[in-house]
Trainee: 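Below is one structure. I have some questions about it.
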Amino acid sequence: MTDVAIQVSKDGISYAVMPDPLDLDADVEIKAAFRRWPTWDFGHTPLPRHLYERYLAFDLVLRILRAGDATGAIWAVEVGVDERLVGAVEIALGEADVGVALQEPHVDGAAGLMKDWIREIGEATPLPLGM
């Protein structure tokens, strides 16, 4: 069980999964990935196209969260993102039943969000006795 950082942009979603195990004493390498918003250009859909594309965005986010075995999400939305897609992401986060921390977009995308999150965890974690 871990956290996943998700940054939503006009072009798609960048995401990064918290390393497991997490070593707060080491310089943690964060691996991020980017997925374009799914589109449907193949003819008939079971729903109107714009609705079906929102469903595909919802499904994409659920897959990211489940693949990362997420219990928490750090979520940022860049300016200018289609509100319908933001809504699909919000519904997916609710469906996945993860805790959500809303953050400002990071210049380095999801990798930057995750690095900042890990730093905050390290600062909030008390040192063992005798340290």
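No experiment lies behind these values; they were computed from the predicted model shown.
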Trainee: Should Leu51 and Leu56 be regarded as members of a common hydrophobic cluster, given that ILVMFWY residues are connected when their side-chain heavy atoms come within less than 4.5 Å of each other, either directly or indirectly?
Mentor: yes
Trainee: For Trp117, enumerate each residue passing the side chain to side chain donor-acceptor pair (under 3.5 Å) test, keeping only those at least two apart in sequence or located in another chain.
Mentor: Asp3
Trainee: Within a strict 4.5 Å, meaning less than it, do heavy atoms of the Val86 and Trp75 side chains meet?
Mentor: yes
Trainee: Could you tell me which non-hydrogen atom of Ala16 sits nearest to which non-hydrogen atom of Ala110, and how far apart they are?
Mentor: N-CB, 3.7 Å
Trainee: Nearest 0.5 Å, please: how far is CG in Leu60 from CZ in Arg36?
Mentor: 12.5 Å
Trainee: Give a yes or no on whether Ile6 and Met18 share a hydrophobic cluster (residues Ile, Leu, Val, Met, Phe, Trp, Tyr; joining criterion: side-chain heavy atoms under 4.5 Å apart).
Mentor: no
Trainee: List the steps and the verdict of side-chain contact (heavy atoms from CB on, under 4.5 Å) for Thr2 and Thr71.
Mentor: CA-CA 6 Å; Thr2 189; Thr71 56; 5.8 Å; no
Trainee: Over all heavy atoms of both residues, which pair between Ile30 and Ala111 is shortest? Give the atoms and the distance, please.
Mentor: CG2-CA, 3.9 Å
Trainee: May I ask you to test the Ile118-Pro19 pair for a side-chain heavy-atom distance under 4.5 Å?
Mentor: yes
Trainee: Transitively linked via ILVMFWY side-chain contacts under 4.5 Å: Ile91 with Val77?
Mentor: no
Trainee: With Arg66, which residues qualify under salt bridge (charged side-chain N to carboxylate O under 4.0 Å, His left out), at least two apart?
Mentor: none
Trainee: Can you confirm whether more than 12 heavy atoms, excluding those of Glu123, are under 6.0 Å from its CD atom?
Mentor: yes
Trainee: Nearest 0.5 Å, what's the CE-OG distance between Met114 and Ser14?
Mentor: 10.5 Å
Trainee: So, do Gln7 and His106 sit near enough that their side-chain heavy atoms are less than 4.5 Å apart?
Mentor: yes
Trainee: Please find the pair of heavy atoms, one from Ile74 and one from Gln103, that lie closest to each other, and give the distance.
Mentor: CG2-CG, 3.4 Å
Trainee: Does a side-chain heavy-atom distance below 4.5 Å link Leu93 with Leu65?
Mentor: yes
Trainee: Are Ile13 and Leu62 connected in a single hydrophobic cluster, I mean Ile/Leu/Val/Met/Phe/Trp/Tyr linked by side-chain heavy atoms less than 4.5 Å apart?
Mentor: no
Trainee: Which atom pair, heavy atoms only, marks the closest approach of Val81 to Ser9?
Mentor: CG2-C, 3.5 Å
Trainee: Could you pull out the closest heavy-atom pair between Val4 and Gly68, with the gap in Å?
Mentor: CG2-CA, 4.4 Å
Trainee: Say whether Leu113 and Ile64 are linked into one hydrophobic cluster, either directly or through other cluster members, by side-chain heavy-atom distances under 4.5 angstrom.
Mentor: no
Trainee: Where do Asp11 and Trp37 land on the side-chain contact (heavy atoms from CB on, under 4.5 Å) test, with the steps shown first?
Mentor: CA-CA 6 Å; Asp11 297 324; Trp37 289 117; 5.6 Å; no
Trainee: Identify the heavy atoms of Pro38 and Ala57 that sit nearest to each other, and give their distance.
Mentor: CG-N, 3.8 Å
Trainee: Enumerate the salt bridge (Lys or Arg N to Asp or Glu O under 4.0 Å) contacts for residues 87-111, please, sequence neighbours excluded, ordered by first and then second residue.
Mentor: none
